[in-house]
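Note that the structure is predicted; figures quoted are calculated from it, not measured. Starting from 1, each residue takes its place in the sequence as its number.
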Amino acid sequence: MSALGVKALNKVFYGTVPDYGTLGGVLAIVDGSTGAVKIHRDVVEDQSIVSLAYADGMVIGGTSVSGGLGINPKAKEGKLFGWNPKTAHKVFELSPVPGAKLVSGLVVSPDGKLFGVADGVLFVFDPAHQKIIARKKLFPVDPQYRHAGWRDAMTALHPDGSIYATQSGRLFRIDPKSLDIKVLRQKDAQLMAIDRDGRVYFRDVT
């Protein structure tokens, strides 16, 4: 499950993976004032919602073709989609990397561009024009670090404006302007978070 709090809307958005033997996660929205929950199904048909970000007034989600355990996917490609929280409608849906099964690690750069990773390929999306503006190969997908087809890349924006990420066991830093990659750890790095003081945390194998 992925979660996104949007302070400006006073809402928390959740993307989910469905139960055992089923396909199709939901987008659940919790109102911070009332606690009311609204559920939107089939935002992307037969796909789990595994990553969320907020850009250009939209909630943007990344999906996986994998559903709950015990069922094979029907969809062929993971998607990137935009959701208008005011009208409760999907704005767009596209494949950021043709043929990729999992779209994860969504994060917004200081200049408002959306970064994500799809099957080991970094992509940059322009929310204002709703199009992919750059792609760059990162690292081959390693099944050892890919949890049930739902989780791969994790990203976070550092206070200095750079993006830190993990993917296929590596911890690395991305320059959002040049797309230069600096690998900080070659193996056994999973998950990732940054605290308010800029310290980077990741899981070491365990």
Measure from the side-chain N and O atoms of K136 to the backbone N and O of L179, and report whether any donor-acceptor pair falls under 3.5 Å.
-> yes

R199: what forms a salt bridge (Lys or Arg N to Asp or Glu O under 4.0 Å) with it, not counting sequence neighbours?
-> D195, D197

Consider only side-chain heavy atoms of I, L, V, M, F, W and Y, link residues closer than 4.5 Å, and tell whether V103 and V107 are in one cluster.
-> no

Reported CG-to-CZ distance for the pair N84 and F92, which is rounded to 0.5 angstrom | 11.5 Å

N/O donor to acceptor pairs below 3.5 angstrom from side-chain atoms of residues 48-60, sequence neighbours left out:
unit_1	atom_1	unit_2	atom_2	d
S48	OG	S66	O	2.6
S51	OG	L106	N	3.1

S104 side-chain N/O to R151 backbone N/O, donor-acceptor pair under 3.5 Å = no

List in chain and number order the residues that pass side-chain hydrogen bond (donor to acceptor under 3.5 Å, both in side chains) with D180, two or more places apart in sequence or in another chain; answer none if no residue qualifies.
-> S178

Check L80 against P96 and note the closest heavy-atom contact, atom names and distance.
-> N-CD, 3.8 Å

Between G25 and P18, which heavy-atom pair has the shortest distance, and what is it?
-> N-CD, 3.9 Å

Do Q47 side-chain atoms and G24 backbone N/O form a donor-acceptor pair below 3.5 Å?
-> no

Any side-chain heavy atom of M154 within less than 4.5 Å of one from T166?
-> yes

Any L94 side-chain heavy atom under 4.5 Å of I132 side chain | yes

Decide whether S33 and N10 meet the rule of one side-chain donor and one side-chain acceptor closer than 3.5 Å.
-> yes

If only atom types and distance count, is the side chain of H158 paired as donor or acceptor with the main-chain N or O of G198 below 3.5 Å?
-> yes

Once you round to the nearest 0.5 Å, how far does CD of Q130 lie from CZ of F81?
-> 13.5 Å

Checking ring pair (Phe, Tyr, Trp, His ring centres under 6.0 Å) for the pair F202/Y164: CA distance, chi angles, key distance, verdict?
-> CA-CA 10 Å; F202 62 94; Y164 281 75; over 10 Å; no

Which heavy atom of I39 sits nearest a heavy atom of A28, and at what distance?
-> CD1-CB, 3.5 Å

On a heavy-atom basis, the closest approach of P85 and K11 is O-NZ, 4.3 Å

Closest approach of R196 to P159 (non-hydrogen atoms, all atoms of both residues) = O-CG, 4.4 Å

From D42, L27, V43, residue fulfilling side chain to side chain contact (heavy atoms under 4.5 Å, CB included) relative to K90 | V43

Straight-line distance of I174 CD1 to K182 NZ, nearest 0.5 Å | 14.0 Å

Are W83 and L4 joined in one hydrophobic group, where the rule is that I, L, V, M, F, W and Y side chains link up if heavy atoms are under 4.5 Å apart?
-> yes

Rounding to 0.5 Å, atoms NZ (K79) and OG (S64) come to a distance of 13.0 Å

Taking only residues two or more places apart in sequence, or in another chain, which ones meet D160 in a salt bridge (Lys or Arg N to Asp or Glu O under 4.0 Å)?
-> none

Under a single-linkage definition using a 4.5 Å side-chain heavy-atom cutoff for Ile, Leu, Val, Met, Phe, Trp and Tyr, are I29 and V91 assigned to the same hydrophobic cluster?
-> no

Is there a chain of hydrophobic side chains (I, L, V, M, F, W, Y, each step under 4.5 Å between heavy atoms) that links L114 to I181?
-> no

Shared hydrophobic cluster for W150 and L191 (ILVMFWY, side-chain gaps under 4.5 Å) | no

So do the side chains of V65 and K101 get within less than 4.5 Å of each other, counting heavy atoms only?
-> yes

Does atom NZ of K76 have more than 12 heavy-atom neighbours from other groups under 6.0 Å away?
-> no

Identify, with sequence neighbours excluded, every residue that meets side chain to side chain contact (heavy atoms under 4.5 Å, CB included) alongside K131.
-> H129, I133

Before giving the answer on side chain to side chain contact (heavy atoms under 4.5 Å, CB included), spell out for V97 and D119 the whole-Å C-alpha distance, their side-chain angles and the decisive distance to 0.1 Å.
-> CA-CA 8 Å; V97 176; D119 285 4; 5.9 Å; no

Roughly how far, to the nearest 0.5 Å, is the CD atom of Q167 from the CE atom of M192?
-> 12.5 Å

Heavy-atom pair of closest approach, residues G105 and T155 | O-OG1, 2.8 Å

Mind checking whether R173 and I163 have side chains closer than 4.5 Å, heavy atoms only?
-> no

Trace of the side chain to side chain contact (heavy atoms under 4.5 Å, CB included) decision for R185 with D204 | CA-CA 10 Å; R185 184 175 173 126; D204 184 359; 3.1 Å; yes

Check salt bridge (Lys or Arg N to Asp or Glu O under 4.0 Å) between R41 and all other residues, then give those that pass, not counting sequence neighbours.
-> none

